[in-house]
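FYI, side chains are in, hydrogens and waters are out, and symmetry mates aren't considered; it's all heavy atoms of this structure. None of these values were measured; they are calculated from a predicted model. Along the sequence shown, residues carry numbers from 1.
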Amino acid sequence: MSAVGHEINLDHSHDHDHHDKGNFFTKYVFSLDHKMIAKQYLITGIIMGIIGIAMSLLFRMQIAWPEESFTVFKWLLGDKMAPDGVMRNDAYLALVTMHGTIMVFFVLTAGLSGTFSNLLIPLQIGARDMASGFLNMLSYWLFFISAVLMIISLFVEGGPASSGWTVYPPLSALPQAIPGSGMGMTLWLVSMAIFIASSLMGSLNYVATVINLRTKGMSMTRLPLTVWALFVTAIIGIVSFPVLLSAALLLLFDRSFGTSFFLSDIYLAGEVLHYQGGSPVLYEHLFWFLGHPEVYIVILPAMGITSEVIACNARKPIFGYRAMIASILGIAFLSTIVWGHHMFVSGMNPFLGSVFTFTTLLIAIPSAVKAFNYITTIWSGNIQMNPSMLFCIGFVSTFITGGLTGIILGDSTLDINVHDTYFVIAHFHLVMGISALYGMFAGIYHWFPKLFGRMMNKNLGYIHFWVTAVCAYGVFFPMHFIGLAGLPRRYYSNTAFPLFDEFYDVNVLITVFALIGSAFQLVFLWNFFVSIFYGKKATQNPWRGNTLEWTTPVEHIHGNWPGELPVVYRWPYDYSKPGLPEDYAPQNMPYMEGEEQLNH
């Protein structure tokens, strides 16, 4: 595929002076510059992450010390949700629901993909900006509005949505079902509809930019793996997010207009409701058709970041570049045909279950290709052990350990035994939550100089990594064992079941690790926000990387490059190549006389 759009916007190379003279609102609030929009996504995602993690600490304290009185409960939840500092059961369900929603969509999807797609795609393909700056700005502000609506739902009468982050009917379809089925649930659905519109606008923009605005010489096989991952992530989002939008709209119809898409033969307090003909399993199909690709919408950007950071810090070419691209494409395709493994206990035909088992286990092949290629790239490398590299190594570790348990959950016979237990919590938090967060942290540490022109404190980064790594395994490793023993998830308290008394101490241990690990995220927050203003000033290419973003000036200009766009001559992973004066060769460096030209 050839780069045909490289001349677009070449005549804008002088426009950056005009843009930089804009007022505060056009420069920092309603900015059209992809770099500023990336910062907006990142800081909004960090704020939502603080809220989501705080919620998890509250319900972890409830599980560890059930029905204890805590002043923090009374202070944060109020007398209605925590009378005398004792958490109510519906408050617990609301916290679990909102924690899952915020972390999956507003932190891991928008905070990770939104930040790094905006920052890296134009810079790494040699473009002035996104294909549509206005659409880019609009996608962020729709994301911001959806986040605000989700937070507002915490304060409405009846409380926020309480039916789990998957919002299964009938709890989500009947406003009178439980306290959290009222206005909070409606706001959840409206917020998600706006979020999906934002995601689709962003994804279409990313795809158009990669296809049309690559600079001269930037063929598809010279793209960094970060761009490949973000490009394919955007395609998955375009395919799967509209299905969740349809599910949300049909749920709103059932709630507000008396339709029966997801409801049938409902009895409420002995009263026969008029709904008939619908099926809650239909909603499960619609939700998980997005829900499982969502796992890869979250994890693929982290994989792309990891590929780039590992190659740069191992000072070696990435192992199996084309195999890595093939694995990204394989994961993208397979992720759309495995959604049924979330529904093995829904009463589906056993033959259909075996089909989904086969496709689910098949996805282990491209995932293993990536893991082996990461390990092979690190092997015998001249490793620069900075915080971003440590988080990438942590990513490989958690992706492998979390992925191994996916083999159990992907088998319909084995899954039935551990479905809806803490084993599932442990699996998807390791393979999706922690791995994606590690990728996000690696990206922040690596591209912070490009975002803010300064360096983060390396020693604080080391502290952040090691405490986070120990506590992450301390939280989720024990969950595998209590899950295998049958402890169900989403229970407000296990004290009513003597069978589970022996797990009390394990839950206390998990909660202590969670409290310590979350407290040390304050180290990251301090490092991040202080470094923006007081960090050591960055050089143009502090990591000696090959990709095009390190050829732009440290000071941001609207248009990225002050003169002509760079011309690309080589692939992005010419590290430690024999015969070159340095151990790296930027993509815009012409081949030297007699230098071997790799077929990229």
Side-chain angles (χ1 to χ4, degrees), residues 8-48 50 106 110-111 113-152 194-195 197-202 204-206 208-209 213 444 447-456 525 528-538 540 548-549 551-565:
I8 297 175
N9 291 337
L10 274 178
D11 57 332
H12 291 183
S13 59
H14 61 279
D15 282 358
H16 60 87
D17 292 328
H18 168 74
H19 284 288
D20 283 351
K21 292 175 183 174
N23 60 39
F24 175 84
F25 284 98
T26 57
K27 191 173 180 182
Y28 295 106
V29 183
F30 300 110
S31 174
L32 301 180
D33 184 2
H34 71 98
K35 299 179 292 296
M36 182 57 65
I37 293 171
K39 294 179 190 178
Q40 292 173 327
Y41 267 109
L42 178 58
I43 292 172
T44 308
I46 287 174
I47 292 168
M48 294 299 283
I50 293 168
F106 294 90
S113 184
T115 298
F116 292 104
S117 294
N118 271 292
L119 175 68
L120 297 179
I121 287 177
L123 284 171
Q124 290 194 338
I125 68 171
R128 297 283 180 206
D129 207 316
M130 285 290 178
S132 171
F134 176 76
L135 201 63
N136 206 19
M137 178 195 74
L138 194 59
S139 71
Y140 168 74
W141 280 104
L142 284 177
F143 162 63
F144 182 80
I145 290 168
S146 71
V148 169
L149 278 176
M150 194 61 73
I151 299 304
I152 288 173
I194 297 172
F195 176 87
S198 158
S199 179
L200 288 173
M201 285 182 186
L204 290 168
N205 215 358
Y206 307 150
T209 304
L213 297 186
I444 292 170
W447 282 287
F448 190 88
K450 188 48 57 184
L451 277 164
F452 299 104
R454 294 181 182 269
M455 305 294 288
M456 292 181 76
L525 293 175
F528 181 84
F529 287 107
V530 170
S531 297
I532 290 175
F533 302 103
Y534 303 109
K536 176 186 171 185
K537 288 196 174 179
Q540 185 179 30
L548 293 181
E549 74 270 24
T551 66
T552 61
V554 176
E555 183 184 355
H556 285 179
I557 56 174
H558 196 130
N560 295 333
W561 288 270
E564 295 292 311
L565 289 172

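- In the model, Asp129 has a side-chain atom that pairs as donor or acceptor with a side-chain atom of His558 under 3.5 Å.
- Inter-residue side-chain proximity for Pro122 and Met130 is flagged as met; some heavy-atom pair is nearer than 4.5 Å.
- Rounded to the nearest 0.5 Å, atoms CD1 (Ile43) and CE (Met48) are 15.0 Å apart.
- Here the side chains of Phe195 and Met150 are not in contact, with every heavy-atom distance at 4.5 Å or above.
- Here CG of Asn136 is found 13.0 Å from CE of Met36. Values are rounded to the nearest 0.5 Å.
- Judged as a ring-ring contact (aromatic ring centres under 6.0 Å, His included), and not counting sequence neighbours, the contacts of Phe30 are Trp141.
- Between the Glu549 side chain and the Leu120 main chain, no donor and acceptor come within less than 3.5 Å of each other.
- Closest approach of Tyr140 and Thr44 over heavy atoms only: OH-OG1, 2.7 Å.
- Counting only heavy atoms from C-beta outward, the side chains of Trp561 and Leu548 approach each other to under 4.5 Å.
- For Phe448, the ring-ring contact (aromatic ring centres under 6.0 Å, His included) partners at least two apart in sequence or on another chain are Phe452, Phe528.
- Expressed to the nearest 0.5 Å, how far CZ of Phe143 lies from CE of Met201 amounts to 14.5 Å.
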- Begin from the C-alpha positions of Arg454 and Ser531 and carry the test side chain to side chain contact (heavy atoms under 4.5 Å, CB included) through to its verdict. CA-CA 7 Å; Arg454 294 181 182 269; Ser531 297; 5.5 Å; no
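- The closest donor-acceptor contact from the side chain of Asn118 to the backbone of Ile37 lies at 3.5 Å or more, if one exists at all.
- Heavy-atom contacts from other residues, nucleotides or ligands closer than 6.0 Å to CZ of Phe529 number more than 12.
- Contact of the Val554 side chain with the Lys537 side chain is not registered, since no non-hydrogen atoms from C-beta on lie closer than 4.5 Å.
- Under a 3.5 Å cut-off, the side chain of Thr115 and the backbone N or O of Leu42 do form a donor-acceptor pair.
- Rounded to the nearest 0.5 angstrom, Leu149 CG and Phe144 CZ are separated by 10.5 Å.
- Taking 4.5 Å as the limit, some side-chain heavy atom of Ile46 sits within range of a side-chain heavy atom of Leu525.
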- Stepwise side chain to side chain contact (heavy atoms under 4.5 Å, CB included) test for Tyr41 and Ser139: CA-CA 10 Å; Tyr41 267 109; Ser139 71; 3.4 Å; yes
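- Without hydrogens or angle criteria, Ser113 side chain to Ala110 main chain gives no donor-acceptor distance under 3.5 Å.
- When all heavy atoms of Arg128 and Asn560 are compared, the closest pair comes out as O-ND2, 3.1 Å.
- Using a 4.5 Å heavy-atom cutoff, the side chains of Pro553 and Pro562 are in contact.
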- Assess whether side chain to side chain contact (heavy atoms under 4.5 Å, CB included) is satisfied between Thr209 and His34, documenting all intermediate values. CA-CA 12 Å; Thr209 304; His34 71 98; over 6 Å; no
- Derivation of the side chain to side chain donor-acceptor pair (under 3.5 Å) call for Thr552 and Lys450: CA-CA 9 Å; Thr552 61; Lys450 188 48 57 184; 2.8 Å; yes
- Step by step, work out the side chain to side chain contact (heavy atoms under 4.5 Å, CB included) result for Lys39 and His556. CA-CA 12 Å; Lys39 294 179 190 178; His556 285 179; 3.6 Å; yes
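- Summarising the geometry of Leu142 relative to Ile194, their closest heavy-atom pair is O-CG2, 3.3 Å, with the distance given to 0.1 Å.
- Distance check, rounded to the nearest 0.5 Å: CD of Gln40 to OG of Ser31 gives 6.5 Å.
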